[in-house]
**Student:** 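Structure provided below as structure tokens; questions to follow.
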2 protein chains.
Amino acid sequence: MLENLNKIQLQNPVDQIIAQIRDLIISGTVKPGEKLPPERKLAEHFGVSRSHVREAISKLQVYGILKVQPQSGTIVNGIGIVALEGLISNVLKIEKTDFNALVDTRALLEKEAARLAAINRNADDLVEMHNALELFEKKMAKDHVAIEEDLLFHIKIAEAGKNSVLKSMMMIITPDIVKSFTTLKVCNKDNANKSISQHRNILERISAQDPEGAVEAMKVHLDEVIQFSKKKS
Amino acid sequence: MLENLNKIQLQNPVDQIIAQIRDLIISGTVKPGEKLPPERKLAEHFGVSRSHVREAISKLQVYGILKVQPQSGTIVNGIGIVALEGLISNVLKIEKTDFNALVDTRALLEKEAARLAAINRNADDLVEMHNALELFEKKMAKDHVAIEEDLLFHIKIAEAGKNSVLKSMMMIITPDIVKSFTTLKVCNKDNANKSISQHRNILERISAQDPEGAVEAMKVHLDEVIQFSKKKS
DNA sequence: ACTTAAAAATTGGTTGACCAATTATTGGTT
DNA sequence: AACCAATAATTGGTCAACCAATTTTTAAGT
């Protein structure tokens with residue numbers, strides 16, 4: 001019976017449009033920063049009315065995958081998490097005990113992502129992680145804070161791990177925690193250098209294909225977040 | 001500058017409607033399981049057209065907070081950790097399901113749940129897990145298959161672990177995997193006895209407050225699932 | 001008073017027309 | 001050929017009317 005319910009949902013036009021837009025993006029037909037075809041064109045192509053397309057786009061905006069620019073077009077987001085900022089804490093109103101559970105679960109997922117990255121990473125992944133780390137260092141050197149660049153580095157690790165479910169789960173909870181921790185933490189040169197050094201250690205262990213070392217480096221990096229969050233109670 | 005952008009967004013009618021619907025739920029004015037006022041009434045009350053209300057409701061559906069029943073009304077699922085399962089489920093729907101990634105992620109979550117259960121379980125938890133195991137054994141003895149009872153045992157372990165986020169994630173991915181594995185597996189007396197014995201070992205380690213032993217017992221239990229999945233590819 | 005069927009009202013779903021803002025094209029000038 | 005202003009086309013945003021399904025109300029029968 002539950003299976004029948006799922007099947008019906010999968011046939012809903014909006015979900016089908018979401019799946020097809022996702023395929024456009026995954027296949028590289030439309031790249032980050034580029035515009036999707038206009039709503040009317042998509043509606044024509046899918047054989048549905050514009051409302052369906054608008055609803056699909058609106059939902060994909062929640063996921064951070066698309067960004068709508070009125071009277072101009074709909075752009076594909078590069079890292080897919082911009083709109084997820086504050087998603088969990090603000091919208092869902094997570095209680096304190098549940099927030100601690102979020103932090104602990106994030107640590108579990110991130111350590112596993114680092115371990116898998118050390119096992120499964122390839123040369124392209126290393127370039128991506130390295131580039132993300134450089135962006136992070138550059139921003140940190142300038143501002144002592146670098147939320148999006150911090151997230152991007154963690155996302156690149158998850159991608160190198162090659163487990164899409166793990167990555168999706170991390171995408172739900174990591175942005176919120178990174179943001180709230182960064183907002184409250186003291187941002188100075190010492191803390192910035194510590195973060196940079198920790199990120200470097202993680203990437204080094206992943207490059208060296210050392211799963212246990214990567215887990216340990218990630219643990220060191222996250223311990224401060226964990227202690228800080230527990231202290232808040 | 002990014003801050004200014006956020007401020008503009010906060011004034012957008014759809015976001016305001018989302019905030020007000022959230023407040024209705026948080027304040028207890030509308031409780032989980034109850035219906036929101038109809039779209040037309042909400043639109044009138046907020047002084048906007050129905051499209052705005054529909055868009056807000058559609059987004060809150062993505063967050064897992066609301067569930068729309070066509071021609072009937074819009075029901076409140078809940079807010080906080082209750083909604084998280086819906087959100088996780090919706091986000092996972094966007095990705096193409098990689099069964100191996102699901103199985104590996106489930107293994108990670110279940111091992112951690114067992115570890116936390118060994119640490120955090122109390123006397124009530126032990127009773128619940130023990131009762132669930134008895135139900136499982138009774139069904140297995142009779143039918144050699146016991147999907148719901150199997151699942152209940154795993155849920156009780158997650159509850160004993162006292163991490164609500166972990167439990168939510170498990171609730172999303174464990175049922176499908178238990179179900180599909182059980183469907184394909186040979187169900188006979190030997191396999192039934194093996195499953196029973198494995199469940200007993202897990203509970204014993206949890207009772208004994210042995211986190212590492214619990215992780216190992218869960219690993220043994222899940223290795224068969226993992227190997228089976230890898231063989232399928 | 002209770003039950004049942006039919007009618008009416010209400011509900012979310014869908015559509016095409018219109019609106020305001022942006023982008024592309026056209027025509028004129030240097 | 002390059003530049004600029006005006007015009008036209010295109011874009012996402014908004015709206016009211018209509019549709020199909022569910023719920024509520026009404027009327028008739030026992």
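In what follows, every chain begins at residue 1, and chains take the letters A, B, ... in the order their sequences are listed. Computed from a predicted structure; not experimentally measured.
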**Student:** To the nearest angstrom, how far is A:E39 atom CD from C:dG16 atom P?
**Tutor:**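 Going from A:E39 (CD) to C:dG16 (P), I get 15 Å.
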
**Student:** Check this for me, if you would: do A:R40 and A:E44 make a salt bridge, where the nitrogen-to-carboxylate-oxygen distance has to be below 4.0 angstrom?
**Tutor:**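 No.
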
**Student:** Is any side-chain N of the basic residue among A:R200 and A:E137 closer than 4.0 Å to the acidic one's carboxylate O?
**Tutor:**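 A:E137 and A:R200: salt-bridged.
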
**Student:** Take atom CD of A:Q69 and atom C1' of C:dT22, then tell me their distance rounded to the nearest Å.
**Tutor:**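 To the nearest whole Å, that distance equals 11 Å.
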
**Student:** So, under a plain 3.5 Å distance rule, would you say the side chain of B:R40 forms a donor-acceptor pair with the base of C:dG12?
**Tutor:**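 It does, because a donor-acceptor pair links the side chain of B:R40 to the base of C:dG12 below 3.5 Å.
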
**Student:** Think B:H52 has a side-chain N or O under 4.0 angstrom from the OP1 or OP2 of D:dC15?
**Tutor:**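 Answer is yes, contact under 4.0 Å.
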
**Student:** Is a side-chain N or O of A:S27 found less than 3.5 angstrom from the main chain of A:L24, in a donor-acceptor match?
**Tutor:**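 Indeed, once roles are kept as given, a pair shorter than 3.5 Å links the two residues.
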
**Student:** What nucleic acid atoms does B:V68 come within less than 4.0 Å of, heavy atoms only: base, sugar-phosphate, or nothing?
**Tutor:**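 Sugar-phosphate, backbone atoms only, no base.
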
**Student:** Watson-Crick or G-U wobble partner for C:dT4, using a 3.5 Å limit on both distances?
**Tutor:**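 Pairing partner, where one exists within any strand: D:dA27.
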
**Student:** Provide, to the nearest angstrom, the distance between the CG atom belonging to A:L66 and the C1' atom belonging to D:dG12.
**Tutor:**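 So the two atoms are 14 Å apart, to the nearest Å.
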
**Student:** For D:dC15, does either OP1 or OP2 sit under 4.0 Å from a side-chain N or O belonging to B:S49?
**Tutor:**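 Affirmative; the distance criterion is met.
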
**Student:** Given atom CZ of A:R54 and atom P of D:dG13, what is their separation to the nearest angstrom?
**Tutor:**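 Spelled out: CZ on A:R54 to P on D:dG13 is 5 Å.
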
**Student:** Between atom CG in A:L36 and atom C1' in D:dG12, what is the gap in whole Å?
**Tutor:**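 After rounding, the reported distance stands at 13 Å.
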
**Student:** Between C:dT11 atom P and B:I57 atom CD1, what is the distance in whole Å?
**Tutor:**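 One finds 12 Å between P of C:dT11 and CD1 of B:I57, rounded.
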
**Student:** For A:H221 and A:H154, take the angle between the two ring planes, folded into 0 to 90°, and tell me which bin it lands in: parallel under 30, tilted 30 to 60, perpendicular over 60.
**Tutor:**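 The rings of A:H221 and A:H154 lie parallel, inter-plane angle below 30°.
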
**Student:** Hey, which sits more toward the 5' end of DNA chain D by its nearest nucleotide, B:E55 or B:S72?
**Tutor:**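 Nearer the 5' end of the strand: B:E55.
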
**Student:** Could you work out which one of C:dC18, C:dT14, D:dT11 sits closest to the side chain of A:R50?
**Tutor:**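 Nearest to the side-chain atoms of A:R50, counting from C-beta on, is C:dC18.
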
**Student:** Atom CD of B:Q61 to atom C1' of C:dG12: distance rounded to whole Å?
**Tutor:**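 Answer to the nearest Å: 11 Å.
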
**Student:** Could you state the CD-C1' distance from A:Q71 to D:dG13, rounded to the nearest angstrom?
**Tutor:**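 Those two atoms, CD and C1', are 6 Å apart.
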
**Student:** Looking just at side-chain N and O atoms, do A:T97 and B:K162 make a donor-acceptor pair shorter than 3.5 Å?
**Tutor:**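 No, B:K162 and A:T97 have no side-chain donor paired with an acceptor closer than 3.5 Å.
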
